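Just below is one structure, and these are the notes that go with it.
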Amino acid sequence: MTPEELSATIRACIEDAIEAGALDLEPSDIGDIRVERPRQRDHGDWSTNAAMQLAKAAHVSPRDFATTLASRLSNAVGIDSAEIAGPGFINIRLAADAAGELARGIVEFGDDFGRGESLTGTTVNIEFVSANPTGPIHLGGTRWAAVGDSLARLLEFHGADVVREYYFNDHGAQIDRFAASLLAVVTGEDPPEGGYGGAYIQDIANEVMVEAIAARDRDPLELPRDAALEFFRSRGVALMFEQIKRSLHDFGVDFDVYFHEDSLHHSGAVTKAVDQLKASGALYLHDGAWWLKSTDYGDDKDRVVIKSDGTPAYIAADLAYFKDKRHRGADLCIYLLGADHHGYIARLKAAASAFGDDAETVEVKIGQLVNLVKEGQPVRMSKRAGNVVTMEDLVDVVGVDAARYALTRSSADSAIDIDLDLLASHSNANPVFYVQYAHARSAGVARNAAEYGIKREDGFQPSLLTHETEAALLGILGEFPRVVTQAVSFREQHRVARYLEDVATAYHAWYDRTRVTPQGEEPVSDVHRTRLWLNDAAGQVLRNGLRLLGVGAPERM
RNA sequence: GCCCCCGUAGCUCAGCUGGAUAGAGCGUCGGACUUCUAAUCCGCAGGUCGCAGGUUCGAAUCCUGCCGGGGGCACCA
C-alpha cells in the first residue's frame, strides 16, 4: 500500500462516517489527507493528523473525531491497527501483506516509478548557466549546470516538454574587452582596462593564430586594428564557446538550444520588439530615453531600454529574447540566476507583462553563490590572481558524479563552500558514494540471487516481509513519488538527494540484518524470492532518484 | 538607506510549507567481518533551533522588530 492509497482509504472512512451520521461534516470539507512517517518507529508505519485538522469543522474535539475515524480505519482492508495518540494523531500499522505489496508495484513500474503528470502538456523553457564566453565555466556556473539539468530532469519526469537553453552573451563591451585581450597578448601589449588575463587567454589567442595560418588567411596582425579586433572577436568567441560546450558535455549537461545574443541584434529582433512595445505603450519616453515600468514588479526604479543616444541597453535584448522563447512555444520560462542577479527578477517579469503575458510566465529562481575554501579559510577567486576554479578543475579532482552530487544535494538557497583539498583527500565526505554503494550492493545481491537460481516470478509472499528493517525500508520506498512531486513543485532538486540518503540508510540496515540468498544447506524458499523483490525495488528507487540528479548508478564499486 | 538569501550539534547541512522526545553526514569515543561487497552496520557523547515579541490546542517552520554573515541596488553588460 502506498501513502496515496492509504490517504484515499482514510478519506473513504471519513466519508463513510459522514454518511452514517457519525460526523457532522460535508464531504467537500475534507481537504488533503496527509499521512506521514512518524519519527518514532514504534508509533506505527504511518500517522495522520486528519482528526486535528477536521475536528473544528465537524464541531467535535480532535480526540472524538479521532475515535470515530480510528474505529472505522482499523477495520479497513490492508490496515492492521489504528490507534489514537497524543492530542489526536492516529497511528496506523499496515497489514504486512499490504505493506509488502509495494515492492512488487515498484518493480513493475520500473523506471517509471515516481513519475507524475502535474506538468503534462506544458512546454517549459529552462535557461541556466548562460556564462559569458569570455572564459571557462567557473565554480558558480558549474553549480547551475548541475542544478539546472537536474531540475530539467524532474520537470520532464512530471510530463513537461522541457527545453534546456543557454543564452550566449556574445555582444557588447565585455566581449570587446575579451577580443582586445586576445589581440594584446599576441602583440605583446598590456591587456586593456578591465580585460582578461588568465592563461586560457594565451591559449585561445594561440589557437586563433594557428587557425588563421592553417586557413591561409592574411596574418591578422597585418590588418587594421578594427579588423584585427573583429577577427579575434569572432574566432576567439567561437573557440571559447566550443570549449564551454565541451566542458558541459563532459559534465553530462547538453543544451537543446544555445542562443546567441548577437543574433537578436543582427536579425533586427531587438528593434522589432522595442518598436512593438513603443507602439503598445508599454515603454515610455523620458529624458530622451525609453523606459520599462519595472517598478510595477517590485523593482526600485524603472529601467532604460533605449538609451538617449539611441542605442539599446542590455535589457532590450532580454525583451526580444523573451518574445522569441514564447514564440518558440514556451508556456513557462524559468531562469536560473546567481544571487548577484536577483535584481533581474522584476525586470524579467516586467518584460513578460510588457508583451501582454501574465508575469507568472516568467519564473526566476535565484541560487546563492559558491565559495572556494582552503584549509577552512575562504579564498577570493579572481581572474587576476589566477586562482579561478573551473568546472574542469572540479571534475579533475572528484569526478563528474561526486561533483554533480555535491552541487545538487544542497538547497540552492544556501551558499556552499567547496574545499578542493577536502574533496580530494577525504572523498568519503561526499555522500554520493554512500548512495551509489547502496545501489551497487543491490545489484550485487541480485547477481548472487541469480546464481542461486532465485527468481522473482517463482513466488511473492508479501506477508513474509516481517522484519522491522523491511517495514522501514518499504515505508521509505513508498515516499518516492511524493518526494518527487514536492521537488518538482518547489523546483528543489536537493529533496531527491536527501531522500536517497535516507533510502540508502534503510537499505544498508536491511542488508545487514536479512539475507536474500540462503545460507548453508537451507533451500530456496518464498522468503528469499520475496526479499529479492524488495531488494530490486530498493535498487530501482535508488536508480530512478540518481537519474533525476544526473548521477550514475553503478552496478559495481 | 532599500531589496534578496542565510543563521539548527565541534564542522557541513536536512527538517516533508504548523505536529509527537529537532535529524543526517563528517569529526570524537566504543563495539560488529570463516556465509549476498566493512565505501557497511550497531552504540555513546554532543542543541538557549541568532535574540525578543506575536499568531493558536501546538512554532525551527507563519508575522513583526532587532543582531550577525553573504549578495545586489547604472542611460555597464
Side-chain angles (χ1 to χ4, degrees), chain A residues 34 36-40 43 47 49 52-53 55-56 61-62 85-89 91 132 169 171-177 194 261 286-291 298-301 303-309 311-315 317 338-346 366-369 371 373 376 378 409-417 419 422 426-431 433-434 436-438 440-449 451-452 454 479 482-483 486 489-490 494-495 497-499 501-502 504-505 507-509 511-520 528 531 535 556-557:
Chain A
R34 289 179 55 193
E36 41 187 60
R37 311 237 336 128
R39 263 192 288 274
Q40 243 53 38
H43 282 163
S47 80
N49 61 355
M52 282 137 83
Q53 307 232 300
K56 205 167 185 181
S61 73
F89 290 102
N91 292 327
N132 288 351
N169 299 122
H171 182 92
Q174 288 189 38
I175 292 295
D176 294 343
R177 281 196 284 270
E261 179 189 359
H286 178 71
D287 286 348
W290 288 89
W291 300 70
D299 211 344
D300 50 2
K301 59 189 72 162
R303 300 290 158 179
V304 167
V305 176
I306 299 294
K307 299 184 249 178
S308 49
D309 66 2
T311 60
Y314 183 77
I315 188 176
D340 52 343
H341 288 74
H342 102 267
Y344 282 46
I345 302 175
I366 295 298
Q368 299 303 307
L369 304 176
N371 303 308
V373 170
R409 80 182 285 265
S410 300
S411 162
D413 282 339
S414 58
I416 51 177
D417 296 332
D419 186 329
L422 192 76
H426 312 294
S427 54
N428 285 14
N430 193 330
F433 302 111
Y434 183 74
Q436 287 187 316
Y437 182 56
R441 252 188 170 174
S442 75
V445 168
R447 283 192 298 271
N448 292 326
E451 268 180 41
Y452 275 86
I454 303 171
E479 290 194 273
R482 192 174 60 174
V483 169
Q486 284 172 342
S489 67
F490 298 133
H494 74 275
R495 290 168 184 271
R498 301 298 172 149
Y499 166 77
E501 290 167 27
D502 289 343
T505 297
Y507 179 80
H508 285 309
Y511 172 92
D512 197 61
R513 289 180 186 72
T514 64
R515 290 185 56 91
V516 170
T517 53
Q519 300 188 73
H528 305 112
R531 284 185 182 152
N535 177 75
R556 293 171 207 271
M557 284 176 75

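Note: hydrogens, waters and symmetry copies are ignored here, and every other heavy atom, side chains too, is used. Labels below follow one simple rule: chain letters A, B, ... track the order of the sequence lines, proteins then strands, and each chain is numbered from 1. Keep in mind that what you see is a predicted model, and the values were worked out from it rather than measured.
- The A/Ala289 side chain lies nearest to B/rC75 when the options are B/rA20, B/rC75, B/rA14.
- Of all non-hydrogen atoms in A/Val516 and A/Arg531, the two that sit nearest each other are CG2-CB, 4.0 Å.
- Counting non-hydrogen atoms under 4.0 angstrom, A/Arg556 reaches a base of the nucleic acid.
- An OP1 or OP2 oxygen of B/rC76 is reached within less than 4.0 angstrom by a side-chain nitrogen or oxygen of A/Lys307.
- The distance from the CZ atom of A/Arg482 to the CD atom of A/Glu36 is 7.5 Å, given to the nearest 0.5 Å.
- As rounded to the nearest Å, B/rA59 and B/rG50 have P atoms that lie 15 Å from one another.
- You'll find a donor-acceptor pair under 3.5 Å spanning the side chain of A/Asn91 and the base of B/rA20, going by distance alone.
- Residues A/Ile175 and A/His171 come closest through the heavy atom pair CG1-N, 3.6 Å.
- Taking all atoms of both residues into account, the shortest heavy-atom contact from A/Asn132 to A/Asn169 is OD1-OD1, 2.8 Å.
- Look at CD on A/Gln53: it is 13 Å from C1' on B/rC57, rounded to the nearest Å.
- A donor-acceptor pair under 3.5 Å is absent between the side-chain atoms of A/Arg409 and the main chain of A/Arg498, judged by distance alone.
- Each of B/rA20, B/rC76, B/rC16 was ranked by its minimum atom distance to the side chain of A/Ala85; first place goes to B/rA20.
- Only the C1' atoms considered, B/rG27 is 43 Å distant from B/rG1, to the nearest whole Å.
- Not a single donor-acceptor pair under 3.5 Å links the side chain of A/Asn371 to the backbone N or O of A/Asp417.
- Electrostatic pairing of A/Asp512 and A/Arg515 does not count as a salt bridge here, judged by no charged N lying under 4.0 Å from a carboxylate O.
- Distances from the side chain of A/Asp287 to the nucleotides B/rC75, B/rA39, B/rG19 place B/rC75 closest.
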Between protein and nucleic acid, restricted to nucleotides 60-65 of chain B and to nitrogen or oxygen atoms under 3.5 Å apart, what atom pairs and distances do you find?
none

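- Nearest to the side chain of A/Arg498, among B/rC13, B/rA77, B/rU17, sits B/rC13.
- Contacts of A/Arg303 with the nucleic acid, taken as non-hydrogen atoms under 4.0 Å apart, involve only primed sugar atoms and P, OP1 or OP2.
- Taking atom P in both B/rC49 and B/rG10, the straight-line distance is 13 Å, to the nearest Å.
- A straight line from CD of A/Glu36 to P of B/rA20 spans 8 Å, rounded to a whole angstrom.
- For A/Asp417, the side-chain atoms get nearest to B/rC13 when compared with the rest of B/rG71, B/rC13, B/rC16.
- B/rC51 and B/rU8: their C1' atoms are spaced 15 Å apart (whole Å).
- Per the geometry, CD1 belonging to A/Ile416 stands 11 Å off C1' belonging to B/rU12, to the nearest Å.
- In this structure, A/Arg495 forms no cation-pi arrangement with A/Phe490, as its terminal cationic atom is not both closer than 6.0 Å to the ring centre and no more than 45° off the ring axis.
- The two atoms that bring A/Tyr507 and A/Ala438 nearest to each other are CE2-O, 3.5 Å, heavy atoms only.
- In terms of position on RNA chain B, the residue among A/Tyr511 and A/Asn132 whose nearest nucleotide sits closer to the 5' end is A/Tyr511.
- To the nearest 0.5 Å, the span separating OH on A/Tyr499 from CD on A/Gln486 amounts to 12.0 Å.
- Under a 3.5 Å cut-off, the side chain of A/Asp287 and the backbone N or O of A/Ala289 do not form any donor-acceptor pair.
- Nucleotides B/rA14 and B/rA9 place their P atoms 12 Å apart, quoted to the nearest Å.
- Contact annotation: A/Arg177 does not reach the phosphate of B/rA77 (side-chain N/O to OP1 or OP2, under 4.0 Å).
- No contact: A/Thr311 has no heavy atom under 4.0 Å from any strand.
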Would you tabulate the pairs of protein nitrogen or oxygen atoms and nucleotide nitrogen or oxygen atoms of nucleotides 3-10 of chain B closer than 3.5 angstrom?
from	atom 1	to	atom 2	distance (Å)
B/rC3	O2	A/His342	NE2	3.2
B/rC4	O4'	A/His342	NE2	3.4
B/rC5	O4'	A/Gln368	NE2	3.4
B/rC5	O2'	A/Asp413	O	2.2

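- Separating the CE atom in A/Met52 from the OG atom in A/Ser61 is a distance of 11.5 Å, to the nearest 0.5 Å.
- Candidate nucleotides B/rC16, B/rU40, B/rA74 were compared by shortest atom distance to the side chain of A/His508, and B/rU40 ranks first.
- One P atom belongs to B/rC76, the other to B/rG71, and the distance between them is 25 Å to the nearest Å.
- Distances were taken from every side-chain heavy atom of A/Ser308 (C-beta onward) to each of B/rG71, B/rC75, B/rC13; the shortest belongs to B/rC75.
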Could you write out RNA chain B as a dot-bracket string, with dots for unpaired bases, | for bases paired across to another strand, and Watson-Crick or G-U pairs counted at under 3.5 Å? (((((((..((((.....[...))))..((((.......))))......(((((..]....))))))))))))....
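- Counting distance only, with no hydrogens placed and no angle test, the side-chain atoms of A/Asn49 and the base atoms of B/rG19 include a donor-acceptor pair under 3.5 Å.
- Rounding to whole angstrom units, CG of residue A/Asp300 and C1' of B/rG72 are separated by 10 Å.
- With B/rC13, B/rC76, B/rC16 as the choices, the nucleotide that has an atom nearest any side-chain atom of A/Ala173 turns out to be B/rC76.
- A/Gln486 comes within 4.0 angstrom of the backbone, heavy atoms only, and of no base.
- For B/rA14, the base has no donor-acceptor partner in the side chain of A/Ser410 [N/O atoms by modelled type, under 3.5 angstrom].
- The gap from the C1' atom of B/rG54 to that of B/rC41 amounts to 47 Å, rounded to the nearest Å.
- Here B/rA20 is the nucleotide among B/rC75, B/rA20, B/rC41 with the atom lying nearest to any side-chain atom of A/Phe89.
- The distance between atom CD of A/Gln436 and atom P of B/rG25, rounded to the nearest whole Å, is 18 Å.
- Nucleic acid contact class of A/His341 (heavy atoms, under 4.0 Å, all strands): none.
- Each of A/Gly520 and A/Asp309 was matched to the nucleotide of RNA chain B holding its nearest heavy atom; the match closer to the 5' end belongs to A/Gly520.
- Interatomic distance, A/Gln368 CD to A/Asp340 CG, rounded to the nearest 0.5 Å: 9.5 Å.
- Across all strands shown, A/Arg515 has heavy atoms under 4.0 Å from base atoms, whether or not it also approaches the sugar-phosphate.
- In this structure, A/Tyr434 does not count as stacked on the base of B/rA39 under the 5.5 Å centre distance and 30° plane angle limits.
- The neighbour count for A/Lys56 NZ, taken as heavy atoms of other residues, nucleotides or ligands under 6.0 Å away, does not exceed 12.
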Taking it one step at a time, do A/Tyr434 and A/Thr505 satisfy side chain to side chain donor-acceptor pair (under 3.5 Å)? CA-CA 8 Å; A/Tyr434 183 74; A/Thr505 297; 3.0 Å; yes
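- B/rG30 and B/rG15 have their C1' atoms separated by 29 Å, with the value rounded to a whole Å.
- Comparing B/rA77, B/rC42, B/rA74 by their closest approach to the side chain of A/Ala509 singles out B/rC42.
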